[in-house]
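Below is one structure, written out as structure tokens; comments come after it.
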Amino acid sequence: MEVYIIGGFLGSGKTTLIMDVATANMDKGLKVAILVNDVGSIGVDGATFESKGLSATVLPNGCICCSLVGDLRKALTSIRDEVAPDLLIIEPTGLALSSKVRETVAPFASSVKVVGLADIKRHKVFMKKKRRFYLEQLAGSDVVFINKCDAADEGGCEAAAEELRESLGDVPVIPISLKTGAGMERVMEELAS
Amino acid sequence: MRKSESADMAGGVAAGVKGKVLNYNSDTQMRLDKALLAVAEWIEAEAGMFLGHAKMCVSDGGEGITVNLVDLGTGPERHGILSPRRSADFAFMVAATDIDAHELEHEIFHALEDSGAFLELEGDHHHHHHHGCDDPSHGEDCDCGGHHHHDHSHGV
Ligand SMILES: Nc1nc2c(ncn2[C@@H]2O[C@H](COP(=O)(O)OP(=O)(O)O)[C@@H](O)[C@H]2O)c(=O)[nH]1
Ligand SMILES: [Mg+2]
């Protein structure tokens, strides 16, 4: 099975992106599974996926980049052996480091794609106040999408993209809007590549 | 990386509750949205800014409404609809940086209590709940952002 890991800070649009990507791949006839891990013991995203007709495996109460590594392995084993999807999409918590999740997932997957999702509405404040965590969370992604560009002023998203390219090195950084659908072809292209 | 280095960087915590909402209708949803807003506004006052995600899902048999609050300027954003019904499943959680997890938990309980919505929360001990702060599962070399887990479902 192929695996996508959709990382990024709390509220950046991970769940929204996953619903779009899952639906698009299911429309192509692929079998898609979703694995989600909310911060803390109470999850909301699992119910959100379910209420949109998508079934998701929920890993509650912990974080799959550290304390839940064992649980994550178990879930990956059972999804691979029992569900056997063509594609598994993983949403780690908004505080997780995707690069850690990749290490655990790699042995289970035919290929792993790590997506970093940034939020243009909070990009400036993150660069100022949470710079290290923000960059560390996006680091190690195969591609970074700056989301919510519908809400940015002219040129704001491109400037932020340039800033992230400088900080993250050799990673494509692409402005998108999951709300308007701007950049979605690029999203699908990057994921399929 | 040293222990909790990224915990210092992110400083994130989370708290939440789940259970049932009774006599659910559009007025109930409005009350719940207000509770979400109240918690986020408290965080902004407390931390200087709201950097996080407050969200809830009210659902029943494959239908449901999700409300997200990430940006106080935008306010609560609703996705989906749920028609009025006697009872529905309810989950409400807030994750944010630069606040105390215990206080966050109390704020959530107060906001929901003040909302006037009819809620049956799991492990609701009306503030007599004890807090399990030292999550033993949160390992020594955790790099997850230093969030603590506050489990309200501690054996009612
Ligand atoms: N303006 C705007 N809001 C968006 C966009 N994408 C997602 N959102 C909103 O951001 C909020 C958080 O999204 P969610 O997918 O739950 O974020 P997650 O915490 O990363 O999973 C929701 O209210 C979304 O509707 C976008 O492109 N533009
Ligand atoms: Mg999510």
Side-chain angles (χ1 to χ4, degrees), chain A residues 8-16 19 37-55 58 60-71 92-97 99-101 119 121-122 125-126 128-137 147-148 151 179, chain B residues 1 5-18 49 51-60 62-66 68-71 73-74 79-80 82 89-98 101 122 135-139 141-153:
Chain A
F9 195 74
L10 304 161
S12 299
K14 298 181 292 298
T15 300
T16 311
M19 291 194 283
N37 180 210
D38 259 322
V39 198
S41 56
I42 307 292
V44 167
D45 286 352
T48 298
F49 284 123
E50 302 265 316
S51 69
K52 293 286 180 295
L54 298 164
S55 71
V58 179
N61 204 10
C63 168
I64 53 179
C65 71
C66 55
S67 59
L68 276 189
V69 164
D71 290 3
T93 81
L95 296 171
L97 301 176
S99 49
K100 298 258 165 188
V101 183
D119 175 347
K121 292 169 90 177
R122 294 177 294 171
V125 68
F126 275 120
K128 204 169 153 202
K129 304 231 157 127
K130 302 278 172 195
R131 186 188 173 89
R132 284 183 58 200
F133 182 77
Y134 182 53
L135 294 176
E136 175 134 11
Q137 194 177 39
N147 188 29
K148 310 193 187 181
K179 187 172 182 177
Chain B
M1 186 190 290
E5 202 167 282
S6 85
D8 299 339
M9 288 192 284
V13 298
V17 289
K18 63 177 178 176
M49 62 186 166
L51 268 188
H53 192 175
K55 57 186 168 179
M56 80 177 107
C57 186
V58 187
S59 60
D60 186 29
E63 282 178 77
I65 177 168
T66 295
N68 288 299
L69 179 55
V70 176
D71 179 347
T74 306
H79 303 273
L82 187 67
D89 293 323
F90 172 71
F92 186 109
M93 77 85 95
V94 182
T97 62
D98 308 297
E122 285 176 19
D135 184 353
S137 71
H138 218 62
D141 48 36
C142 179
D143 283 319
C144 282
H147 47 280
H148 304 292
H149 309 295
H150 291 269
D151 202 334
H152 274 279
S153 49

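A note on names: the letters A, B, ... follow the listed sequences, proteins ahead of strands, and every chain is numbered from 1. These values consider heavy atoms only, across backbone and side chains, with no hydrogens, waters or symmetry-generated copies.
- Taking both residues in full, the closest heavy atoms of B:Ala91 and A:Gly43 are given as CB-O, 3.6 Å, listed atom of the first, atom of the second, then distance.
- Across every non-hydrogen atom of B:Phe92 and A:Val44, the tightest pair is N-CG2, 4.2 Å.
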**Request:** Could you give me the CA-CA distance, side-chain angles and deciding distance for B:Lys55 and A:Thr48, then say whether side chain to side chain donor-acceptor pair (under 3.5 Å) is met?
**Result:** CA-CA 10 Å; B:Lys55 57 186 168 179; A:Thr48 298; over 6 Å; no
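- Looking at B:Leu69, there are no atoms closer than 4.5 Å to chain A (heavy atoms on both sides), in backbone or side chain.
- When all heavy atoms are compared, the tightest approach of A:Leu10 to B:Gly52 is CD1-CA, 3.8 Å.
- Contacts between B:Ala96 and chain A at a heavy-atom distance below 4.5 Å involve the backbone alone (N, CA, C, O).
- Taking the side chain as every heavy atom from C-beta outward, B:Val70 and A:Asp119 approach each other to under 4.5 Å.
- The choice from A:Gly46, A:Gly11, A:Ala47 that makes the most heavy-atom pairs within less than 4.5 Å of chain B is A:Gly11.
- Atom OG1 in B:Thr97 sits 5.0 Å away from atom CZ in A:Phe9 (nearest 0.5 Å).
- Between A:Lys130 and B:Asp98 the shortest side-chain heavy-atom distance falls below 4.5 Å.
- A:Glu50 contributes atom CD, which lies 10.5 Å from atom CG of B:Asp89 (distance to the nearest 0.5 angstrom).
- Contact annotation for A:Tyr134: neither backbone nor side-chain heavy atoms come within less than 4.5 Å of a heavy atom of chain B.
- Here the shortest heavy-atom pairing between A:Ser51 and B:Glu63 reads CB-C, 3.6 Å.
- Contact check for B:Thr74 versus A:Lys121: side-chain heavy atoms found under the 4.5 Å cut-off.
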**Prompt:** Does the pair A:Thr16 and B:His79 meet the rule for a side chain to side chain contact (heavy atoms under 4.5 Å, CB included), with working shown?
**Reply:** CA-CA 10 Å; A:Thr16 311; B:His79 303 273; 5.8 Å; no
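- Only the side chain of B:Asp71 has a heavy atom closer than 4.5 Å to any heavy atom of chain A.
- With a 4.5 angstrom heavy-atom cutoff, B:Met93 touches chain A via backbone and side-chain atoms both.
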